[in-house]
Amino acid sequence: MQKDYTSLWERLGLNLENHAGLLGVLSDAYKNIYQSQRGRPKGMEYFDFVISEIHGLRVEEIFEAKKEKRKVVGTFCLYVPEEIVLAVDGVCIGLCAGAEVGADEAEKFIPRNTCALIKAFMGFKLAGLCPYVELTDLLVGETTCDGKKKAYEIFNEITKKVYVMEIPNKKGEDGKILWRNEVRRFAEKLEELTGKKIDLEKLKASSKIVNDKRKALQRLSFLRSNDPAPISGLDALLVNQVSFYDDPIRFTTKVNKLCDELNARVKAGIGVAEKGSPRVLISGSPMAIPNWKVHAIVEGSGAMVVGEESCVGEKNFGTLLDEDFSSLEEGMQKIADRYMTINCACFTPNDERLLNIIDLAKRLKVDGIIHYAIQFCTPYLIEAFKVKKVAETMAIPFLRIETDYSMEDIGQLKTRIGAFLEIIEKGVIA
Ligand code: BJ8
């Protein structure tokens with residue numbers, strides 16, 4: 001029997017009627033997509049529980065943390081350094097959403113042809129459906145794509161708590177200097193917000209927490225290299241999505257426990273699909289909760305998603321922070337340098353992303369690459385052409401998908417993905 005959180009949601013000013021509708025839709029989608037899978041690892045029970053409590057227990061935990069004077073920082077991009085938020089004893093929450101919610105409300109402020117991810121974070125707030133936004137003390141935006149950059153201006157007019165980090169467009173020495181200064185400025189902003197000073201000890205402790213989380217996610221990624229895959233792409237995607245809002249220490253423990261179980265499965269030759277099933281890498285725009293559409297279609301068609309080259313995936317944990325620093329200044333520098341290794345399509349050039357795709361395709365032994373871009377996401381849509389070339393060079397079948405959060409194109413996507421998997425199985429490159 002689930003706890004009743006109505007009074008908490010009421011205190012946070014949510015639209016209770018619409019919110020109940022949203023949770024109902026989410027719960028149905030989860031049952032259909034997730035709980036219908038066969039052979040799931042036992043360790044996924046924790047993540048099922050997290051989803052069943054998506055606006056419950058974690059919201060309550062953060063509400064309690066605020067009573068203890070901890071500040072809550074909401075983010076929309078992988079570039080925001082979580083280590084610094086934790087170093088001031090803050091709570092860091094990723095706020096990107098993967099559902100078509102509040103679009104009508106959002107379109108009163110931003111154009112219809114804005115990407116679904118931006119529309120969703122605006123829509124969730126405007127429709128009174130996101131308890132996490134209401135709990136935040138600071139919303140951190142960034143100068144990545146044009147859509148986000150401009151939407152944050154409006155989001156600040158609505159919420160009055162947006163702070164924007166400047167992210168360079170190029171990774172040359174000038175860009176790196178700009179970014180290092182931005183990381184320091186962010187640390188000062190958080191010290192001012194919390195009234196707490198960051199010292200070496202705190203930064204070392206928070207760096208370890210975030211690195212341990214990355215290491216656990218790396219373990220999961222490496223286990224997916226096995227054939228048969230010991231976990232479905234859907235389940236692995238969910239773990240990655242939950243990493244953005246769960247308590248980081250608890251999350252790491254649960255992922256490591258899951259990985260122990262997967263390790264045993266690998267040794268026993270147990271998988272979630274037959275050995276030799278087509279293996280697919282998905283690359284492109286991030287997939288926030290509950291954006292499970294493409295994975296569900298691929299795996300429902302008999303293939304396995306074995307990796308995500310995206311911010312909800314490899315870009316989040318692929319590089320560890322060098323924790324070997326002996327001064328605050330050196331620590332900040334190493335943090336800035338570590339985040340500069342994220343290969344977002346907002347950078348030009350962005351060749352490291354292509355090299356990373358080659359590495360991943362080899363390590364995960366993929367039979368096909370699907371490039372996924374959210375409609376109107378210009379950076380990823382354009383970069384897809386380079387990813388296609390990489391796939392051609394490696395003689396790996398490639399499919400480019402452009403979609404949004406609606407379910408209207410499900411039939412069309414099933415047909416295209418089905419045809420793509422046939423190409424893989426016949427060993428013919430289109
Ligand atoms: S580091 S990918 S999290 S910016 S989907 S809003 S790019 S139009 S999300 Fe991202 Fe940071 Fe880059 Fe990662 Fe714009 Fe594209 Fe929309 Fe996007």
Side-chain angles (χ1 to χ4, degrees), residues 73-82 92-100 103 106-107 109-124 139-155 162 164-171 175 179 182-183 186 214 217 240-241 243-245 282-289 291 293-294 308-319 336 338-350 352-354 356-357 371-384 387 400-406:
V73 176
T75 65
F76 303 93
C77 177
L78 220 49
Y79 257 87
V80 181
E82 187 177 357
C92 191
I93 296 286
L95 291 173
C96 291
E100 196 181 33
E107 283 173 21
F109 294 87
I110 52 177
R112 196 192 56 79
N113 58 351
T114 306
C115 92
L117 191 139
I118 297 172
K119 254 192 223 174
F121 77 66
M122 297 272 290
F124 264 89
L139 293 165
V140 186
E142 14 52 56
T143 58
T144 45
C145 67
D146 288 350
K148 272 176 148 185
K149 226 166 17 198
K150 299 311 288 180
Y152 293 135
E153 291 175 22
I154 297 170
F155 210 44
V162 177
V164 176
M165 293 186 83
E166 185 168 354
I167 311 233
N169 287 169
K170 296 181 79 175
K171 292 185 179 177
W179 175 238
E182 274 304 288
V183 169
F186 180 55
R214 291 185 189 117
L217 289 168
N240 279 288
Q241 291 172 330
S243 74
F244 288 91
Y245 74 100
I282 297 192
S283 169
S285 309
M287 294 170 171
I289 285 184
N291 183 359
K293 184 162 82 172
V294 175
E308 294 79 25
E309 188 280 319
S310 83
C311 284
V312 184
E314 294 286 331
K315 286 193 180 94
N316 183 25
F317 56 77
T319 323
R338 185 266 159 201
Y339 280 84
M340 256 297 117
T341 64
I342 300 168
N343 303 317
C344 176
C346 296
F347 282 90
T348 185
N350 192 29
E352 290 90 346
R353 177 178 172 220
L354 305 177
N356 192 242
I357 291 171
H371 193 280
Y372 162 86
I374 299 179
Q375 202 177 18
F376 309 122
C377 171
T378 314
Y380 281 93
L381 282 169
I382 293 182
E383 214 161 85
V387 179
R400 194 168 72 91
I401 286 176
E402 180 181 351
T403 182
D404 58 15
Y405 291 169
S406 79

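All ligand and atom numbering here is 1-based and tracks the order in the structure. These values consider heavy atoms only, across backbone and side chains, with no hydrogens, waters or symmetry-generated copies.
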Out of all atoms in ligand 1, which are within 4.0 Å of some heavy atom of [X]? Include the element for each.
| X | value |
| --- | --- |
| Tyr380 | 2 (S) |
| Thr144 | 4 (S) |
| Pro286 | 9 (S) |
| Cys344 | 1 (S), 2 (S), 4 (S), 12 (Fe) |
| Leu78 | 3 (S), 11 (Fe) |
| Ile118 | 6 (S) |
| Cys311 | 1 (S), 2 (S), 3 (S), 13 (Fe) |
| Cys115 | 5 (S), 6 (S), 8 (S), 16 (Fe) |

Is ligand 1 less than 4.0 angstrom away from at least one heavy atom of Gly147?
no
Can you measure from CG (Leu381) to NE2 (His371) and round to the nearest 0.5 angstrom?
8.0 Å
Whether Lys170 engages the ring of Phe347 as a cation-pi pair (distance to the six-membered ring centre under 6.0 angstrom, angle to the ring normal within 45°) should be assessed.
no
Asn113 and Lys119: side-chain donor and acceptor closer than 3.5 Å?
no
Side chains of Arg353 and Ser283: donor-acceptor distance under 3.5 Å anywhere?
yes
Can you pull out the closest protein heavy atom to atom 14 (Fe) of ligand 1? Residue, atom name and distance to 0.1 Å, please.
Cys145 SG, 2.2 Å
What is the nearest protein non-hydrogen atom to atom 10 (Fe) of ligand 1, stated with its residue, atom name and distance?
Lys148 NZ, 3.7 Å
Can you tell me if, anywhere in Cys77, an N/O/S atom lies at a distance from atom 11 (Fe) of ligand 1 that is smaller than 2.8 Å?
yes
Please step through side chain to side chain contact (heavy atoms under 4.5 Å, CB included) for the pair Cys346 and Tyr380, ending with a clear verdict.
CA-CA 8 Å; Cys346 296; Tyr380 281 93; 5.8 Å; no
Should Glu142 and Lys149 count as an ion pair when the cut-off is N to O under 4.0 Å?
no
Is there a side-chain contact between Lys148 and Cys115 in this structure, where contact means two heavy atoms from C-beta onward sitting under 4.5 Å apart?
no
Determine, using ring centers only, whether Phe155 and Phe121 are less than 6.0 Å apart.
yes
Centre-to-centre under 6.0 Å for Phe186 and Tyr79, is that the case here?
no
Ligand 1 contact on Cys377 by region, counting heavy-atom pairs under 4.0 Å:
both
